[in-house]
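To start, the structure under review is shown below, and the notes come after it.
Keep in mind that the numbers below use all heavy atoms, side chains included, and drop hydrogens, waters and symmetry copies. Keep in mind that this is a model prediction, so the values were computed, not measured.
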Amino acid sequence: MQTDLIAQLTLMAPELLLGLGALALLMVGVFAGERASALVSGLAVLVMLAALALVVFCPADGKAFGDAIINDGFGRFMKVLTLIGSIVTLIMSMGFAKEEKFDRFEFPVLVVLATLGMLLMVSANNMLTLYLGLELQSLALYVLAAFNRDSVKSTEAGLKYFVLGALSSGMLLYGISLIYGFTGHIGFGEITAALKGGEPQLGLIFGLVFLLAGLAFKISAVPFHMWTPDVYEGAPTPVTAFLAAAPKMAAMALVVRVTMGAFGSVTHDWQQVIIFISIASMLLGAFAAIGQHNIKRLMAYSSISHMGYALVGLAAGTAVGVRGVAIYMLIYLVMTLGTFAFILAMRGKNGNLERIDDLAGLSRTNPVMATIMTIFLFSLAGIPPLAGFWAKWYVFLAAVQAGLYPLAVIGVVASVIGAFYYLRLIKLMWFDEPAGGFVPVTGSLRLVLGASGAFVLFYVLIGGPIATMAEAAAKSFF
């Protein structure tokens with residue numbers, strides 16, 4: 001019995017480390033006072049690095065606590081992405097928080113707690129674990145969105161996120177209750193076994209739709225995207241970077257886990273929902289971003305469209321599709337972190353700049369930053385041979401192989417439309433008159449910009465091993 005408990009706790013080592021680390025950091029912050037922010041942030045990065053090392057170097061496959069938690073290749077792949085997103089955004093936020101005078105020790109503690117919730121989401125193997133992980137992540141993110149108490153926009157962003165998040169949680173719980181009512185189970189394995197008996201009942205399909213609606217909110221997919229532009233604009237920029245990166249990884253992993261794991265035997269029933277959400281997200285993201293003047297709002301609509309592209313792979317319902325989703329999320333994470341490092345570096349003499357017009361003539365005042373941002377924008381638009389092109393290649397390939405030709409065609413058309421607003425930013429930076437330069441970039445932002453820029457530019461050289469890892473992750477469901 002004791003050996004069994006130790007084995008189960010070993011499976012959850014990264015999560016336990018983050019949970020205990022968050023409690024310890026809270027104590028350090030309380031006793032060290034207001035000046036503890038830099039210390040707690042540094043320790044939080046170390047705690048998450050240790051959790052990342054456990055995931056990578058001490059892999060343990062299996063199930064724990066009555067099959068409520070599962071560890072497999074797919075979970076490890078997505079946990080690595082989630083932890084990298086959290087670590088990099090926390091490092092990028094340190095200098096900014098000090099400049100904007102909201103460098104309080106609670107910030108890194110909330111990031112660690114949100115990351116703990118995300119890891120639980122990735123490992124969820126029943127509906128209760130799914131909900132607990134989701135809510136732990138969400139509650140921390142609501143507070144982070146409203147973290148800058150001196151800003152009305154930040155407070156409004158947190159409130160909007162909280163109200164709409166509560167609505168999505170209600171839909172999610174209603175869906176779970178219907179699924180439990182019609183199958184008698186909350187475990188993903190048991191639900192799969194119950195569905196193999198024949199045609200699923202109408203009530204169960206309703207439950208699945210409500211469940212997917214609640215999860216679609218978390219990845220900001222249409223029509224549950226309403227919060228995204230306002231929260232991205234209103235939240236402090238480091239929080240926006242965090243929202244755009246790590247939570248998207250965990251939420252997409254959860255969507256894949258629920259559809260391919262629990263409901264893999266009724267693919268046809270959820271495939272139609274995913275196709276609709278995917279098409280709506282790609283098209284709305286492409287058209288709505290055209291009229292934006294705030295770069296964070298533009299990135300919000302860009303994020304919505306990219307979640308639509310990732311769902312193209314999932315809609316295929318095949319191992320090739322899941323591999324495409326895994327590769328897409330990895331490339332999206334790197335592009336997003338690099339782009340937000342650039343946005344955090346957009347600082348004038350009077351503070352942070354957020355308007356697109358502030359980029360005018362950047363190639364003359366800071367040619368290196370302009371070049372790196374141009375690489376990111378071309379990649380986001382899907383221009384070959386950059387990483388963004390290969391991300392779309394893998395998901396469209398999966399759709400074509402599954403016979404979803406209209407979905408792939410709509411995806412390509414949406415990519416062409418979306419390229420307009422990325423090319424507009426490039427035109428501003430290279431062909432307009434300078435609007436005024438930026439202050440020098442901090443070392444951490446320079447490092448993130450350089451590393452992510454190199455990854456996007458030279459992805460074609462390292463794409464083979466990454467595709468192999470993603471393929472191994474996808475086999476967890478087949």
Next on the checklist: Working to the nearest 0.5 angstrom, can you tell me the gap between His293 NE2 and Ile356 CD1?
Outcome noted: 7.5 Å
Item to check | Backbone N/O of Ser415 and side chain of Tyr309: donor-acceptor pair under 3.5 Å | outcome: yes
Item to check | Which residues share a ring-ring contact (aromatic ring centres under 6.0 Å, His included) with Phe188, sequence neighbours left out | outcome: none
Next on the checklist: Between Phe217 and His225, is the side chain to side chain contact (heavy atoms under 4.5 Å, CB included) condition met? List the steps.
Outcome noted: CA-CA 6 Å; Phe217 176 90; His225 65 285; over 6 Å; no
Next on the checklist: Would you say that Phe242 contacts Phe340 through its side chain, given a criterion of any heavy-atom pair below 4.5 Å between the two side chains?
Outcome noted: no
Checklist entry - Between CH2 of Trp270 and CG of Leu208, what distance do you get to the nearest 0.5 Å? => result 9.0 Å
Next on the checklist: Taking ring-ring contact (aromatic ring centres under 6.0 Å, His included) as the definition, give me every residue that meets it alongside Tyr332, ordered by chain and number, with sequence neighbours left out.
Outcome noted: His306
Checklist outcome for this item: Here the gap from Leu445 atom CG to Met346 atom CE, rounded to the nearest 0.5 Å, amounts to 12.5 Å
Check residues 471-478 and write down every donor-acceptor pair under 3.5 Å in which the side-chain atom is one partner and the other belongs to a residue at least two apart or another chain.
{"unit_1": "Ser476", "atom_1": "OG", "unit_2": "Gly73", "atom_2": "N", "d": "3.4"}
{"unit_1": "Ser476", "atom_1": "OG", "unit_2": "Phe74", "atom_2": "N", "d": "3.1"}
{"unit_1": "Ser476", "atom_1": "OG", "unit_2": "Ala473", "atom_2": "O", "d": "2.9"}

Next on the checklist: Any side-chain to backbone donor/acceptor pair from Thr129 onto Ala68? Under 3.5 Å, distance only.
Outcome noted: yes
Item to check | Pairing residues for Phe455 by the ring-ring contact (aromatic ring centres under 6.0 Å, His included) criterion, not counting sequence neighbours | outcome: Tyr459
Checklist entry - Which atom names give the shortest non-hydrogen contact between Leu90 and Ser41, and what distance separates them? => result CD2-O, 4.0 Å
Item to check | All ring-ring contact (aromatic ring centres under 6.0 Å, His included) counterparts of Tyr232, not counting sequence neighbours | outcome: none
Checklist entry - Is Arg297 salt-bridged to Asp230, going by a charged N under 4.0 Å from an acidic O? => result yes
Next on the checklist: Given 3.5 Å as the limit, does a donor-acceptor pair link the side chain of Thr374 with the main chain of Ala370, or not?
Outcome noted: yes
Checklist entry - Heavy-atom distance under 4.5 Å between the side chains of Ile331 and Met335, does that happen here? => result yes
Checklist entry - Side chains of Phe378 and Ile426: closer than 4.5 Å at any heavy-atom pair? => result yes
Enumerate, atom names and distances included, each donor-acceptor pair closer than 3.5 Å involving a side-chain atom of residues 319-326, sequence neighbours excluded.
none

Checklist entry - Taking only residues two or more places apart in sequence, or in another chain, which ones meet Ser168 in a side chain to side chain donor-acceptor pair (under 3.5 Å)? => result none
Next on the checklist: For Thr336 and Lys248, which I'm curious about, is there any donor-acceptor pair between the side chains at under 3.5 Å?
Outcome noted: no
Checklist entry - Do the side chains of Met252 and Met307 get nearer than 4.5 Å, heavy atoms only? => result yes
Checklist entry - Of the non-hydrogen atoms in Ala221 and Leu311, which two are nearest, and what is the gap between them? => result CB-CD1, 4.4 Å
Checklist entry - What heavy-atom pair brings Ala51 and Leu17 nearest, and what distance separates the two atoms? => result N-CD2, 3.4 Å
Pairs under 3.5 angstrom only: tabulate donor-acceptor contacts from the side chains of residues 274-289 to other protein residues two or more places apart or in another chain.
{"unit_1": "Ser278", "atom_1": "OG", "unit_2": "Gly308", "atom_2": "O", "d": "2.8"}
{"unit_1": "Ser281", "atom_1": "OG", "unit_2": "Val222", "atom_2": "N", "d": "3.0"}
{"unit_1": "Ser281", "atom_1": "OG", "unit_2": "Ile277", "atom_2": "O", "d": "2.8"}

Item to check | Contact check, side chains of Leu81 and Met329, non-hydrogen atoms, under 4.5 Å | outcome: yes
Checklist entry - Can you check side chain to side chain contact (heavy atoms under 4.5 Å, CB included) on Trp227 and Ser220, steps first, answer last? => result CA-CA 8 Å; Trp227 61 275; Ser220 60; 3.6 Å; yes
Checklist entry - Mind checking whether Trp390 and Trp393 have parallel, tilted or perpendicular rings, split at 30° and 60°? => result perpendicular
Checklist entry - Going by heavy atoms in the side chains, are Leu39 and Leu43 under 4.5 Å from each other? => result yes
Next on the checklist: Using side chain to side chain contact (heavy atoms under 4.5 Å, CB included), reason through Phe263 and Leu211 one step at a time and then give a plain yes or no.
Outcome noted: CA-CA 12 Å; Phe263 295 94; Leu211 179 65; 4.1 Å; yes
Checklist entry - So among Ile84, Thr82, Val88, which one has a side chain to side chain contact (heavy atoms under 4.5 Å, CB included) with Leu333? => result Ile84
Checklist entry - Any side-chain heavy atom of Pro238 within less than 4.5 Å of one from Leu344? => result yes
Next on the checklist: Could you measure the distance from the CE atom of Met226 to the OH atom of Tyr161? Nearest 0.5 Å is fine.
Outcome noted: 12.5 Å
Checklist entry - At what distance, to the nearest 0.5 angstrom, does CG of Leu83 lie from CE of Met78? => result 11.5 Å
Checklist entry - Quick one: side-chain contact (heavy atoms from CB on, under 4.5 Å) partners of Pro434, sequence neighbours excluded? => result Arg364, Thr365
Checklist entry - So Met373 and Thr339, side chain to side chain contact (heavy atoms under 4.5 Å, CB included) or not? Walk me through it. => result CA-CA 7 Å; Met373 187 59 172; Thr339 307; 3.7 Å; yes
Checklist entry - Which pair of heavy atoms, one from Thr192 and one from Ala262, lies closest together, and at what distance? => result OG1-O, 3.1 Å
Next on the checklist: Please report the interatomic distance CE(Met299) to CD1(Ile343), rounded to the nearest 0.5 Å.
Outcome noted: 5.5 Å
Next on the checklist: If you compare all heavy atoms of Pro14 against all heavy atoms of Leu119, which two are closest, and at what distance to 0.1 Å?
Outcome noted: CB-CD1, 4.2 Å
Checklist entry - What pair of heavy atoms forms the shortest contact from Ala470 to Ile327, and how long is it? => result CB-CG1, 3.5 Å
Checklist entry - Under 6.0 Å between ring centres, would you say that holds for Phe107 and Phe147? => result yes
Item to check | Ser379 side chain to Ile375 backbone, donor-acceptor under 3.5 Å | outcome: no
Next on the checklist: What I'd like to find out is whether the side chain of Ile383 reaches to under 4.5 Å of the side chain of Phe389, using heavy atoms alone.
Outcome noted: no
Next on the checklist: Taking Val448's backbone N and O only, do any of them form a donor-acceptor pair with Ser452's side chain (distance below 3.5 Å, no angle check)?
Outcome noted: yes
Checklist entry - Any donor-acceptor pair under 3.5 Å linking the side chain of Arg257 with the backbone of Val122? => result yes
Checklist outcome for this item: Hits for side-chain contact (heavy atoms from CB on, under 4.5 Å) against Asp432, two or more places apart or cross-chain, chain-then-number order -> Ala360, Lys427, Leu428
Distance-only check: which donor-acceptor pairs under 3.5 Å involve side-chain atoms of residues 109-116, not counting sequence neighbours?
{"unit_1": "Thr115", "atom_1": "OG1", "unit_2": "Ser86", "atom_2": "OG", "d": "2.9"}
{"unit_1": "Thr115", "atom_1": "OG1", "unit_2": "Val111", "atom_2": "O", "d": "2.7"}

Next on the checklist: With side chain to side chain donor-acceptor pair (under 3.5 Å) as the test, pick out the partner of Ser123 among Lys63, Arg76, Lys79.
Outcome noted: Lys79
Checklist entry - Is the CH2 atom of Trp430 crowded by more than 12 outside heavy atoms at less than 6.0 Å? => result yes
Item to check | Pairs meeting criterion side chain to side chain donor-acceptor pair (under 3.5 Å) with involvement of residues 397-413, two or more places apart | outcome: none
